> 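Can you keep this structure in mind? I'll have questions shortly.
Chain letters run A, B, ... following the sequence lines, proteins first, then strands; residues in each count from 1. Quick caveat: nothing in here was measured; it's all calculated off a predicted structure.
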2 protein chains.
Amino acid sequence: MTDTHPGPALVAQTAAEAEGIVRSRGLRVTAARRLVIEALFAADAPVTAEEIAAGLDARLPRSDVGSVYRNLETLGSIGLVRHVHLGHGPGLYALAATIAAAYLTCEGCGERRPASMAELEPVTDAIRERFGYEAHLSHFPISGLCASCAREGGEASR
Amino acid sequence: MTDTHPGPALVAQTAAEAEGIVRSRGLRVTAARRLVIEALFAADAPVTAEEIAAGLDARLPRSDVGSVYRNLETLGSIGLVRHVHLGHGPGLYALAATIAAAYLTCEGCGERRPASMAELEPVTDAIRERFGYEAHLSHFPISGLCASCAREGGEASR
DNA sequence: ATACTTGCAAATGATTTGCCAGTGT
DNA sequence: ACACTGGCAAATCATTTGCAAGTAT
């Protein structure tokens with residue numbers, strides 16, 4: 001699982017930098033692994049393992065999802081990658097350096113709004129005060145209704 | 001899916017009451033269905049479909065998980081049951097009347113702490129103010145570290 | 001040369017679905 | 001009677017794993 005890993009999240013800014021980190025851990029930079037890393041750098045939002053695998057086929061004919069999962073897991077174990085579960089579908093993967101601190105998902109329109117740690121402060125503060133929990137809102141979504149869908153819902157139920 | 005359903009959650013307080021609601025919807029009260037309902041009333045926390053099925057075997061020899069899933073889905077469609085995903089494992093089901101408004105799960109000790117809507121108010125208020133979202137924290141957990149695990153973690157990383 | 005990796009296939013876990021016999025109402 | 005349900009098996013979806021061949025270092 002790419003879940004929790006030791007050490008802090010790594011902030012690689014380029015694929016080359018990420019590859020250096022991979023090598024520095026004694027891991028190898030193979031064609032398949034490089035392409036997974038590049039796919040993650042190319043994505044501007046979390047993606048599924050299947051999506052990454054689909055993109056690979058063009059440049060690496062014999063690749064398979066199993067290896068993609070294995071690579072995501074490996075990259076996760078060294079803190080380069082994280083994954084989230086934003087709904088009932090498959091898990092979504094992204095670089096630890098670019099993934100949001102949390103995602104708000106709208107049950108109405110499906111909007112997926114990333115939130116920074118700074119923006120979340122009032123929320124995590126409220127949770128800390130009320131429950132004594134140090135909340136990590138990064139793995140599961142903050143689900144609900146966005147402003148406009150909440151408005152519609154309010155009208156509809158009147 | 002037992003996800004979202006029309007109408008408000010139903011607040012059946014007894015199995016007999018729940019059965020009445022089932023009948024009032026034109027649905028039938030069969031042995032298998034009754035046992036699922038009773039299992040949910042007997043549980044004091046959300047349970048998996050497998051757990052319910054396992055409990056059934058004693059009183060209904062030929063039951064199977066498939067039917068349990070179908071019943072949970074049916075009962076969910078009329079607002080009697082809801083389910084949550086509190087981690088990477090299977091979904092957990094409970095009566096809409098007794099399920100918590102949210103669950104805080106500790107990544108350290110695994111504690112699963114239910115929270116009422118009233119307790120959550122400062123949290124949902126903060127989310128509304130900051131993001132304009134009407135948060136429904138009931139389907140996914142508020143994951144993090146409970147007070148004591150946060151303390152330990154803090155010491156360890158010093 | 002050696003250990004890490006891959007492709008491929010089969011296994012697993014969770015949940016869904018097709019079918020037809022069975023049974024509440 | 002008639003439509004809703006149940007049991008059973010097979011299908012699906014996401015993810016993991018065993019294994020032998022391939023390859024980065």
Side-chain angles (χ1 to χ4, degrees), chain A residues 1-3 16 18-37 39 46-54 56-57 59-78 80-93, chain B residues 1-3 16 18-37 39 46-54 56-57 59-78 80-93:
Chain A
M1 253 171 271
T2 315
D3 244 28
E19 290 176 18
I21 293 174
V22 168
R23 284 207 185 78
S24 76
R25 292 289 197 276
L27 299 174
R28 294 170 188 182
V29 177
T30 62
R33 184 163 293 163
R34 186 182 351 258
L35 289 174
V36 168
I37 292 173
V47 291
T48 65
E50 291 283 357
E51 287 167 344
I52 294 175
L56 256 57
D57 286 335
R59 299 204 276 163
L60 212 184
R62 304 212 170 305
S63 69
D64 78 309
V65 226
S67 296
V68 171
Y69 273 108
R70 244 180 316 220
N71 271 317
L72 291 170
E73 152 70 18
T74 299
L75 298 173
S77 73
I78 60 175
L80 222 37
V81 164
R82 290 208 301 103
H83 78 208
V84 291
H85 294 284
L86 301 187
H88 277 181
L92 302 173
Y93 299 78
Chain B
M1 249 169 273
T2 316
D3 243 28
E19 289 176 19
I21 294 174
V22 168
R23 283 205 187 77
S24 76
R25 293 289 197 276
L27 299 175
R28 294 170 189 181
V29 177
T30 62
R33 184 164 292 164
R34 184 182 351 258
L35 289 174
V36 168
I37 292 173
V47 291
T48 66
E50 292 282 357
E51 288 168 342
I52 294 175
L56 256 56
D57 287 336
R59 299 205 276 162
L60 213 185
R62 301 212 171 305
S63 68
D64 77 310
V65 228
S67 296
V68 171
Y69 273 107
R70 245 183 312 226
N71 271 318
L72 291 170
E73 151 70 18
T74 299
L75 297 173
S77 74
I78 60 175
L80 222 38
V81 164
R82 290 209 299 104
H83 77 206
V84 290
H85 294 285
L86 301 187
H88 277 179
L92 302 174
Y93 299 78

> Rounded to whole angstroms, how far apart are CG on Asp64(A) and P on dA10(C)?
14 Å

> Within the structure shown, what part of the strands sits under 4.0 Å from Gly91(A) by heavy-atom distance: base, sugar-phosphate, or nothing?
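The residue Gly91(A) makes sugar-phosphate contact but no base contact.
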
> Regarding Thr48(A), tell me which of base, sugar-phosphate or nothing describes its non-hydrogen contacts under 4.0 Å with the strands shown.
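No contact at all - Thr48(A) keeps every heavy atom at 4.0 Å or more from the nucleic acid.
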
> Can you tell me which stems DNA chain C forms when a stem means 3 or more consecutive Watson-Crick or G-U pairs under 3.5 Å?
C:1-10 with D:16-25, C:12-14 with D:12-14, C:16-25 with D:1-10

> Please identify each residue that fulfils salt bridge (charged side-chain N to carboxylate O under 4.0 Å, His left out) with Arg62(A), with sequence neighbours left out.
none

> Both Asn71(B) and Ser67(A) contact DNA chain D. Which one's nearest nucleotide lies toward the 5' end?
Asn71(B)

> Take atom CD1 of Ile52(B) and atom C1' of dA14(C), then tell me their distance rounded to the nearest Å.
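For the pair Ile52(B) CD1 and dA14(C) C1', the rounded distance is 14 Å.
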
> Between Leu72(B) (CG) and dG6(D) (C1'), how many Å, whole number?
14 Å

> Which parts of nucleotides 19-25 of chain D does protein reach within less than 4.0 Å, heavy atoms only, written one letter per nucleotide 5' to 3' as B for base, S for sugar-phosphate only and - for none?
B---BBS

> Would you kindly give the OH-to-P distance between Tyr69(B) and dT12(D), to the nearest whole Å?
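Atom OH in Tyr69(B) sits about 18 Å away from atom P in dT12(D).
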
> Show every salt bridge (charged side-chain N to carboxylate O under 4.0 Å, His left out) that has at least one partner inside residues 21-34 of chain B, sequence neighbours left out.
Glu19(B)-Arg34(B)

> Rounded to whole Å, how long is the line connecting atom NE2 of His85(A) with atom P of dT15(D)?
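The distance from NE2 of His85(A) to P of dT15(D) comes to 7 Å, rounded to the nearest Å.
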
> Please name all residues satisfying side chain to side chain donor-acceptor pair (under 3.5 Å) with Arg70(B), sequence neighbours left out, ordered by chain then number.
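In terms of side chain to side chain donor-acceptor pair (under 3.5 Å), with neighbours along the sequence ignored, Arg70(B) is linked to no residue.
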
> Holding to side chain to side chain contact (heavy atoms under 4.5 Å, CB included), I want the full list of residues that pass it with Ala53(A), two or more places apart in sequence or in another chain.
Val65(A), Val68(A)

> Whole Å only: how far is the CG atom of Leu92(A) from the P atom of dT15(D)?
9 Å

> Take atom CG of Leu60(A) and atom C1' of dG7(C), then tell me their distance rounded to the nearest Å.
10 Å

> Whole angstrom is fine here: how far is it from NE2 in His88(A) over to P in dG13(C)?
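Taking NE2 of His88(A) and P of dG13(C), I get 21 Å after rounding.
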
> Find the distance between CG (Leu72(A)) and CG (Leu92(A)) and round it off to the nearest 0.5 Å.
11.0 Å

> Please tell me which of the listed nucleotides, dT5(C), dG7(D), dG7(C), lies nearest to the side chain of Arg33(A)?
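The answer is dT5(C).
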
> Supply the atom-to-atom distance Leu35(A) CG to Leu60(A) CG, rounded to the nearest 0.5 angstrom.
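Those atoms lie 5.5 Å apart.
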
> To the nearest 0.5 Å, how far apart are CG in Asp57(A) and CG in Asp64(A)?
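Separation between the atoms: 9.5 Å.
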
> Could you tell me whether the side chain of Leu27(A) reaches within less than 4.5 Å of the side chain of Ile21(A), counting heavy atoms only?
no

> Please test Asn71(B) against Thr74(B) for side chain to side chain donor-acceptor pair (under 3.5 Å), starting from the C-alpha separation and ending with a verdict.
CA-CA 5 Å; Asn71(B) 271 318; Thr74(B) 299; 5.0 Å; no

